[in-house]
Amino acid sequence: MTVPREDLAAGLAARRELGPDYDAAFADVIAARIEEQLAARTSASAEFRPAPLPRAPRPLRDHSLTLILVSLVASIPLTAISGYAAGSAGVFLVWLALVALNVTYMHRPRRD
């Protein structure tokens with residue numbers, strides 16, 4: 001959709017014949033034609049604009065690595081304290097509790 005060249009050429013020829021007194025009227029006519037063309041293009045592109053895609057759900061945060069690292073850091077002083085206070089049985093119980101905590105967390109029900 002363009003302004004026909006013949007119309008524009010005829011308008012320029014008429015402007016030359018009429019003289020500078022009609023410059024404002026000529027500019028108004030040309031501006032109106034251009035605005036009509038722009039409005040037609042805008043409405044045509046708005047009609048065929050695809051619908052926006054739905055947003056993908058954000059994945060839930062997984063704190064598995066954090067729990068593993070905290071367990072490893074906590075295991076050092078817990079092992080030392082339990083080994084000093086209760087011997088090998090205390091160390092075994094501390095490590096059993098840490099393994100149970102991590103396994104339970106890994107097999108928890110997921111919220112989707």
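Remember, it's a predicted structure, so these values are computed and weren't measured experimentally.
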Next on the checklist: So which atom in S71 and which in L98 form the shortest heavy-atom distance, rounded to 0.1 Å?
Outcome noted: O-CD1, 4.0 Å
Next on the checklist: Can you tell me how far apart CG (D28) and CD (E35) are? Round to the nearest 0.5 Å.
Outcome noted: 9.5 Å
Checklist entry - Can you check whether L101 reaches L67 side chain to side chain, under 4.5 Å on heavy atoms? => result yes
Next on the checklist: Does F92 have more than 12 heavy atoms from other residues, nucleotides or ligands lying within 6.0 Å of its CZ?
Outcome noted: no
Checklist outcome for this item: Minimal heavy-atom distance between A100 and T104, with the atoms involved, is O-OG1, 2.6 Å
Next on the checklist: Apply side chain to side chain donor-acceptor pair (under 3.5 Å) to residues T79 and W95 and explain how you reach the verdict.
Outcome noted: CA-CA 8 Å; T79 300; W95 279 93; 2.9 Å; yes
